[in-house]
Undergrad: 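Encoded as C-alpha cells, here's the structure I'll be asking about.
Just so it is clear, the values below take in all heavy atoms, side chains as well, and ignore hydrogens, waters and symmetry mates. For the single chain, residues carry numbers from 1 onward in sequence order.
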Amino acid sequence: MRNLKTIAYIFFLTFVSFTVVACSGKQKGIARVSGSIIISDNPGNYFSLTTSGSLINIIFASHVSKSLILKKYNADKPLRKQQPFTESIDIIDTSPEVNPYFGNHSFLTYNKSTNIFYIDQQTEDRLLLKRIYRDSDKKPWIINIINPSGRIVTAIPYTGSDILLIWNRDVLYYGVFSQNKQSIHSTRQKYLLKGDVSSFKTNKLYGFTSYDVLSGKLLLFTFKNNRLKSRVVSDFGYVNYAETDKKGNLKILAYNKQDNFLTFLTGYPPNLKQRKVTPARLTNSVYFFSRDNLNYFIYDEFVPGKNGYPLYRISLLFPFKGLYKRQTIFKSSDTINKFKAVLLNGRLYLLVLQNNLKLIEFQLKSRVDF
C-alpha cells in the first residue's frame, strides 16, 4: 500500500508545472530581512501599500482612534531610523455597531495630487462615501460626498487628471471624477465583491480583476467609451494578484481553494493559459514580480508545525537552475490574515496583517549560492 501511495504521489507531481524544492538546513535564499517595524496595533482589516517616487505610502484604519491614518516612509533610509510622515485623515466610525467596511478605502497619487476615497460610518444605518484630495501636502484637503454610497472596489488613473472610481452596492457603480465635476453610472448586472482587486492602466487597457460571489467567477473589467464591461477569467481566484503589460496581456496569480493550488494565468481572456505553480493551504494573499524575465511568487499558507502546533508562513518561490526553490520569509504561530507587497529600488516590502500591522523590508540578492 505504501508503494502504491508513493507511485501515486510521484505521478501527481508530474502534473505540476513548476518543480518546487524547499531550502533546507540553515536559512538560505534570495531575500534577507533588512528592517521590520510595527505600524499599528489593533488595526482594521482594510489597508493599502503603494509607492510614489521613493516614498512608501501606507493607509490603515485604527480601532483605537477610529480614524483612517496615512503614513509615508522614505525607501532611501533604514526603516527603524525614520520618523514617518503621519496624518490622521478622518474619524470614520462613531457608531457602536460593527462596521464591516471599517477602513475601506482606495489611495491614489496621480499628477502630483493625492486622492483618497473611503467609507465613513456616521450612524448604524448611515454610511457615507467620501472623496478627499489635494494638490500638495502643504494644501488643505478638499472633501466631497459621493452618492450613492457603497463598498469601494478600486480607483484608477484616467485621462488628464481625471480618476475612474468603481464601487459596489447591489450592482457596480462607476464614475469619472475631476476637480470640478463627476459623472456616475451603474451596471445592470448584480455583483458582490469578494477578496482581492488588482487595477491597471496602459495605453491599451483601463481595468481591474475582481471576484464576484454571485456568479462564482473571477472577472476582468475594462473601461472604454464610458462603459464598464466584464469578461470571465476563471471560476476560482477570490485570492489573486494581477498585472498587465503595455499590450494589455495579463498575468494573474490566483489561489484555487478547490484543489489547494496556486495557478498562474497568462494571456487575455478567453485565451488564457493556466499553469499550476505549487500546492498551498488556507492562502489569504498572493503576489508576484519579475526580474530578468523570470517570475517570483509570494504567498501565505498554513502548515502543521512541530508537535502539532499550527504554523503560518509567507513563502517566496524563486527560480534556481531551471527549478523553483522555496524560501520562508516570514513565519508565525498566529494567523496571517492578509499581506500586501511592493517592489521598490531592488527591495521587497511586505505589509502583514495579524493582531498588528507590520512592515518588513527585504534586500533581494542578485543571485543565490547554495
Side-chain angles (χ1 to χ4, degrees), residues 18-39 47-51 54-58 73-82 196 198 239-241 243 251 253 255 262 264 277-303 305 311-354 356-370:
F18 297 85
T19 300
V20 179
V21 181
C23 299
S24 59
K26 185 178 179 181
Q27 182 67 62
K28 296 181 180 180
I30 199 167
R32 177 180 59 84
V33 175
S34 56
S36 178
I37 55 174
I38 301 295
I39 299 294
F47 60 97
S48 61
L49 175 67
T50 61
T51 63
S54 61
L55 292 178
I56 302 166
N57 309 304
I58 295 172
Y73 292 86
N74 190 336
D76 295 331
K77 300 178 181 178
L79 283 178
R80 293 180 178 178
K81 295 183 178 180
Q82 294 189 52
D196 303 309
S198 294
V239 176
N240 74 88
Y241 175 77
E243 291 186 354
K251 289 183 178 180
L253 181 61
Y255 173 57
L262 299 186
F264 198 45
V277 176
T278 186
R281 284 187 287 181
L282 302 180
T283 295
N284 295 315
S285 300
V286 296
Y287 178 75
F288 69 86
F289 61 92
S290 299
R291 294 200 312 178
D292 301 323
N293 295 319
L294 296 173
N295 296 311
Y296 297 71
F297 304 96
I298 302 176
Y299 62 99
D300 73 280
E301 66 172 339
F302 162 82
V303 293
L311 176 65
Y312 301 90
R313 71 186 182 195
I314 298 177
S315 296
L316 166 64
L317 298 184
F318 58 92
F320 179 72
K321 296 182 179 180
L323 303 176
Y324 269 78
K325 283 188 174 288
R326 180 185 58 77
Q327 178 187 358
T328 299
I329 57 176
F330 180 81
K331 61 183 178 180
S332 174
S333 58
D334 296 325
T335 302
I336 298 172
N337 299 316
K338 197 80 178 170
F339 77 80
K340 293 184 183 296
V342 293
L343 193 68
L344 181 63
N345 298 336
R347 292 187 294 273
L348 174 70
Y349 294 88
L350 284 187
L351 189 57
V352 183
L353 176 65
Q354 295 181 288
N356 55 32
L357 191 61
K358 178 182 296 184
L359 180 64
I360 311 171
E361 179 188 57
F362 298 87
Q363 190 70 43
L364 297 179
K365 299 178 183 178
S366 58
R367 68 186 186 93
V368 185
D369 296 315
F370 285 92

Undergrad: Flag the pair N345 / D76 as yes when at least one side-chain heavy-atom distance between them is below 4.5 Å, and no otherwise.
TA: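 Yes. Closest side-chain heavy atoms under 4.5 Å.
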Undergrad: Start with the C-alpha distance between N295 and S290, add both sets of side-chain angles, then the distance that settles side chain to side chain donor-acceptor pair (under 3.5 Å), and finish with yes or no.
TA: CA-CA 5 Å; N295 296 311; S290 299; 2.8 Å; yes
Undergrad: For residues 331-341, pull every pair meeting salt bridge (charged side-chain N to carboxylate O under 4.0 Å, His left out), keeping only residues two or more places apart or in separate chains.
TA: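 Applying salt bridge (charged side-chain N to carboxylate O under 4.0 Å, His left out) to every pair that reaches into residues 331-341, excluding sequence neighbours, yields D196-K338.
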Undergrad: Side-chain contact, heavy-atom cut-off 4.5 Å: L49 with I56?
TA: yes
Undergrad: So, using ring-ring contact (aromatic ring centres under 6.0 Å, His included) as the criterion, who are the partners of F362 when residues are at least two apart?
TA: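 Partners of F362 by the ring-ring contact (aromatic ring centres under 6.0 Å, His included) criterion come out as none, since no residue qualifies.
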Undergrad: If I compare all heavy atoms of N337 with all of N284, which pair ends up nearest, and what's the gap?
TA: O-CB, 3.4 Å
Undergrad: Specify the closest pair of heavy atoms between L344 and A75, including all atoms of both residues, with the distance to one decimal.
TA: CD2-CB, 3.4 Å
Undergrad: Quick one, D300 with Y255, criterion side-chain contact (heavy atoms from CB on, under 4.5 Å). Give me CA distance, side-chain angles, the key distance, then yes/no.
TA: CA-CA 10 Å; D300 73 280; Y255 173 57; over 6 Å; no
Undergrad: Does F320 form a side-chain contact (heavy atoms from CB on, under 4.5 Å) with I30? I'd like the steps, not just the answer.
TA: CA-CA 10 Å; F320 179 72; I30 199 167; over 6 Å; no
Undergrad: Knowing that exactly one of F339, F330, F302 qualifies, which makes a ring-ring contact (aromatic ring centres under 6.0 Å, His included) with Y312?
TA: F302
Undergrad: Indicate yes or no: at least one non-hydrogen side-chain atom of E243 is less than 4.5 angstrom from one of S198.
TA: no
Undergrad: Are any non-hydrogen side-chain atoms of R326 and Y299 less than 4.5 angstrom apart?
TA: yes
Undergrad: Minimum heavy-atom separation for R291 and L364, please, with both atom names.
TA: NH1-CB, 3.7 Å
Undergrad: With the side chain counted from C-beta on, respond yes when L253 and L262 share a heavy-atom pair under 4.5 Å apart, and no when they do not.
TA: yes
Undergrad: Which atoms form the tightest heavy-atom contact between Q354 and T335, and what is the distance?
TA: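 Distance-wise, the nearest heavy atoms are CG-O, 3.3 Å.
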Undergrad: May I ask you to check whether F297 and Y324 place their ring centres under 6.0 Å from each other?
TA: yes
Undergrad: Tell me whether Q327 contacts the main-chain N or O of F318 through its side chain, where contact means a donor paired with an acceptor under 3.5 Å.
TA: no
Undergrad: Checking the side chain of R347 only, and the main-chain atoms of S34 only, is there a donor and an acceptor separated by less than 3.5 Å?
TA: no
Undergrad: Residues two or more places apart in sequence or in another chain: which of them pass ring-ring contact (aromatic ring centres under 6.0 Å, His included) with Y287?
TA: Y241
Undergrad: Does a side-chain heavy-atom distance below 4.5 Å link I298 with F289?
TA: yes
